[in-house]
Trainee: 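I'd like to ask some things about the structure below.
Only a predicted model underlies this, so the values are computations on that prediction, with no experimental measurement involved. Every heavy atom of this structure was used, including side-chain atoms; hydrogens, water molecules and symmetry mates were not.
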Number of protein chains: 2
Amino acid sequence: MAKRSGLIEVAEAAACCPSVLGAPLGSADAGDLARGFSALADPVRLRVLSMLAAAPDGEVCVCDFVGPLGKSQPTISHHLKVLGDAGLVHGDRRGKWVWYSLDRGRLARLRAAIDA
Amino acid sequence: MAKRSGLIEVAEAAACCPSVLGAPLGSADAGDLARGFSALADPVRLRVLSMLAAAPDGEVCVCDFVGPLGKSQPTISHHLKVLGDAGLVHGDRRGKWVWYSLDRGRLARLRAAIDA
DNA sequence: CCCTCCTATTGACATCCATCTATGTATCGA
DNA sequence: TCGATACATAGATGGATGTCAATAGGAGGG
């Protein structure tokens with residue numbers, strides 16, 4: 001151990017809003033945040049989110065992701081499920097189609113985790 | 001295709017600061033950002049960053065990560081390399097020890113990518 | 001009803017990734 | 001120069017992940 005150590009305490013108890021730049025993260029909070037950022041750690045999913053953010057009505061039909069993103073329909077469906085499980089998007093079935101929308105609050109919470 | 005389509009244009013040319021919430025991301029920008037978020041998509045790495053952020057002198061010796069994080073020394077070294085490659089941390093060798101510090105600007109750039 | 005269209009699920013496959021042990025490299029002290 | 005210490009690298013391995021083809025599930029139109 002280096003002499004300058006400084007006895008860094010690890011607060012396992014969750015703070016109100018776990019942040020990377022606040023007190024040292026415990027395992028549980030770190031795991032939660034890591035799961036969130038994992039959802040952002042894929043170019044296809046980031047493009048899905050950006051298309052949702054830019055959509056005039058705030059929602060995009062599944063079928064409208066397939067062409068622009070150049071991935072198969074099951075692949076798109078898989079990514080939408082990952083984003084949905086992370087709480088970043090929500091799907092709404094309307095007739096034959098499913099319209100997805102962005103959960104900006106959820107994204108803001110992730111942003112807050114790396115905020116000063 | 002749904003009738004409400006709306007011809008979403010994909011700007012492949014990089015804007016000044018690619019953001020998920022701005023114009024639809026192109027492949028290149030999405031790939032860059034995904035690589036950045038991948039570095040955050042691990043609980044051990046998030047805890048490393050949080051320990052660096054909370055360190056009184058702004059830097060932490062490698063040896064001081066091993067105990068608190070409960071991982072082997074090579075594993076810690078691996079994660080520090082991943083964070084270093086992502087530009088999020090920098091190492092400074094001083095004698096036998098290597099002190100790592102946080103690049104807050106780099107982290108801020110990632111945060112800006114999901115900023116409103 | 002049957003057929004068509006849209007979406008989700010399954011199974012298979014290749015790749016990536018986190019982790020460890022073992023080893024290499026570099027620095028300091030004696 | 002030798003041994004000890006701190007960190008990095010290499011190799012191996014089990015598990016997670018992105019992708020697609022095939023198929024299932026559901027909704028609407030004849």
Side-chain angles (χ1 to χ4, degrees), chain A residues 1-6 27 30-49 51-52 59-86 88-101, chain B residues 1-5 27 30-31 33-49 51-52 59-86 88-101:
Chain A
M1 298 275 279
K3 291 156 195 155
R4 214 150 131 203
S5 168
S27 282
D32 284 344
L33 289 177
R35 266 184 293 278
F37 286 120
S38 294
L40 301 181
D42 181 277
V44 174
R45 288 196 288 271
L46 288 178
R47 297 182 74 190
V48 163
L49 294 179
M51 286 177 67
L52 287 173
E59 48 188 11
V60 176
C61 173
V62 176
C63 58
D64 289 325
F65 286 120
V66 178
L69 297 184
K71 299 293 174 184
S72 72
Q73 177 268 320
T75 296
I76 297 295
S77 194
H78 161 70
H79 286 301
L80 285 169
K81 176 168 177 50
V82 172
L83 289 171
D85 289 345
L88 288 167
V89 303
H90 298 289
D92 182 26
R93 169 144 230 149
R94 258 173 255 158
K96 285 195 288 189
W97 297 278
V98 177
W99 296 86
Y100 276 87
S101 57
Chain B
M1 298 275 278
K3 291 158 197 153
R4 214 151 132 204
S5 169
S27 283
L33 288 177
R35 266 184 293 277
F37 287 120
S38 294
L40 300 181
D42 181 276
V44 174
R45 289 196 288 270
L46 288 177
R47 297 181 75 190
V48 163
L49 295 179
M51 285 176 68
L52 287 173
E59 47 187 10
V60 176
C61 172
V62 176
C63 58
D64 289 326
F65 286 120
V66 177
L69 297 184
K71 300 292 174 186
S72 72
Q73 176 268 319
T75 295
I76 297 295
S77 195
H78 161 70
H79 286 302
L80 286 169
K81 176 168 177 50
V82 172
L83 289 171
D85 289 346
L88 288 167
V89 302
H90 298 287
D92 181 28
R93 170 142 229 151
R94 259 173 254 157
K96 285 195 288 189
W97 298 280
V98 178
W99 296 87
Y100 277 87
S101 57

Trainee: Nearest whole Å is fine: how far is D:dA6 C1' from B:Trp99 CH2?
Mentor: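 My rounded result for the distance is 12 Å.
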
Trainee: Nearest whole Å is fine: how far is D:dT9 C1' from B:Asp85 CG?
Mentor: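 Atom CG in B:Asp85 sits about 13 Å away from atom C1' in D:dT9.
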
Trainee: Where the side chain of B:Lys96 is defined as all heavy atoms beyond and including C-beta, which of C:dA8, C:dC28, D:dC7 is the nearest nucleotide?
Mentor: C:dC28

Trainee: Expressed in angstrom and rounded to an integer, what is the separation of A:Leu83 atom CG from D:dG18 atom C1'?
Mentor: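 To the nearest whole Å, that distance equals 13 Å.
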
Trainee: Name all residues meeting the side chain to side chain donor-acceptor pair (under 3.5 Å) criterion together with B:Ser72; count only those two or more places apart in sequence or in a different chain, and write none if there are none.
Mentor: B:Thr75

Trainee: Rounded to the nearest angstrom, tell me the gap between atom CZ in A:Arg93 and atom C1' in D:dA27.
Mentor: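 Going from A:Arg93 (CZ) to D:dA27 (C1'), I get 7 Å.
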
Trainee: Please identify each residue that fulfils salt bridge (Lys or Arg N to Asp or Glu O under 4.0 Å) with B:Arg35, with sequence neighbours left out.
Mentor: B:Asp32

Trainee: Look at the side chain of B:Ser77 and decide which nucleotide, out of C:dT27, D:dC7, C:dC5, has an atom nearest to it.
Mentor: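 Closest nucleotide among those given: D:dC7.
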
Trainee: Tell me the interatomic distance from B:Asp64, atom CG, to D:dT5, atom C1', rounded to whole angstroms.
Mentor: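 In whole Å, D:dT5 C1' lies 14 Å from B:Asp64 CG.
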
Trainee: Using 0.5 Å steps for rounding, measure from the CG atom of A:Leu46 to the CE atom of A:Met51.
Mentor: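 Between atom CG of A:Leu46 and atom CE of A:Met51 there are 13.0 Å.
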
Trainee: Figure out the CG/C1' separation between A:Leu80 and C:dC6, and round it to whole Å.
Mentor: 13 Å

Trainee: Check each of A:Leu69, A:Val82, A:Leu88 against A:Val48 using the side-chain contact (heavy atoms from CB on, under 4.5 Å) test, and report the only one that passes.
Mentor: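 So, applying the side-chain contact (heavy atoms from CB on, under 4.5 Å) to A:Val48 and each of A:Leu69, A:Val82, A:Leu88, only A:Leu69 qualifies.
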
Trainee: In chain order, what residues pass the side-chain contact (heavy atoms from CB on, under 4.5 Å) check against B:Pro43, with sequence neighbours excluded?
Mentor: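 Partners of B:Pro43 under the side-chain contact (heavy atoms from CB on, under 4.5 Å) test: A:Ala30, A:Ala34.
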
Trainee: Can you check whether B:Arg47's main-chain N or O pairs, donor with acceptor, with B:Arg45's side chain at less than 3.5 Å?
Mentor: no

Trainee: Looking at the side chain of B:Trp97, which of D:dA8, D:dC7, D:dT5 is the nearest nucleotide?
Mentor: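 Closest nucleotide among those given: D:dC7.
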
Trainee: Taking for each residue the nucleotide of DNA chain D bearing the nearest heavy atom, is the 5' side occupied by A:Gly95 or by B:Lys81?
Mentor: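 Result: B:Lys81.
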
Trainee: Given the rule in the side-chain contact (heavy atoms from CB on, under 4.5 Å) test, do B:Leu80 and B:Phe65 qualify, once you have shown the distances and angles that lead to the verdict?
Mentor: CA-CA 10 Å; B:Leu80 286 169; B:Phe65 286 120; 4.2 Å; yes

Trainee: Counting the atoms with a prime plus P, OP1 and OP2 as sugar-phosphate, which does B:Tyr100 contact under 4.0 Å by heavy atoms, base, sugar-phosphate, or nothing?
Mentor: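 The residue B:Tyr100 makes sugar-phosphate contact but no base contact.
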
Trainee: Tell me, which pairs form a salt bridge (Lys or Arg N to Asp or Glu O under 4.0 Å) where one or both residues lie in residues 65-85 of chain B, sequence neighbours left out?
Mentor: B:Lys81-B:Asp85

Trainee: What protein N or O atoms touch nucleotides 11-15 of chain C N or O atoms at under 3.5 angstrom, if any, and at what distances?
Mentor:
none

Trainee: If the condition is side-chain contact (heavy atoms from CB on, under 4.5 Å), which residues does B:Val66 pass it with, not counting sequence neighbours?
Mentor: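 Here the qualifying residues are B:Gln73, B:Ile76.
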
Trainee: If the sugar-phosphate is the primed atoms plus P, OP1 and OP2 and the base is the rest, what is the B/S/- string for nucleotides 17-24 of chain C, using protein heavy atoms under 4.0 Å?
Mentor: -SBBBB--

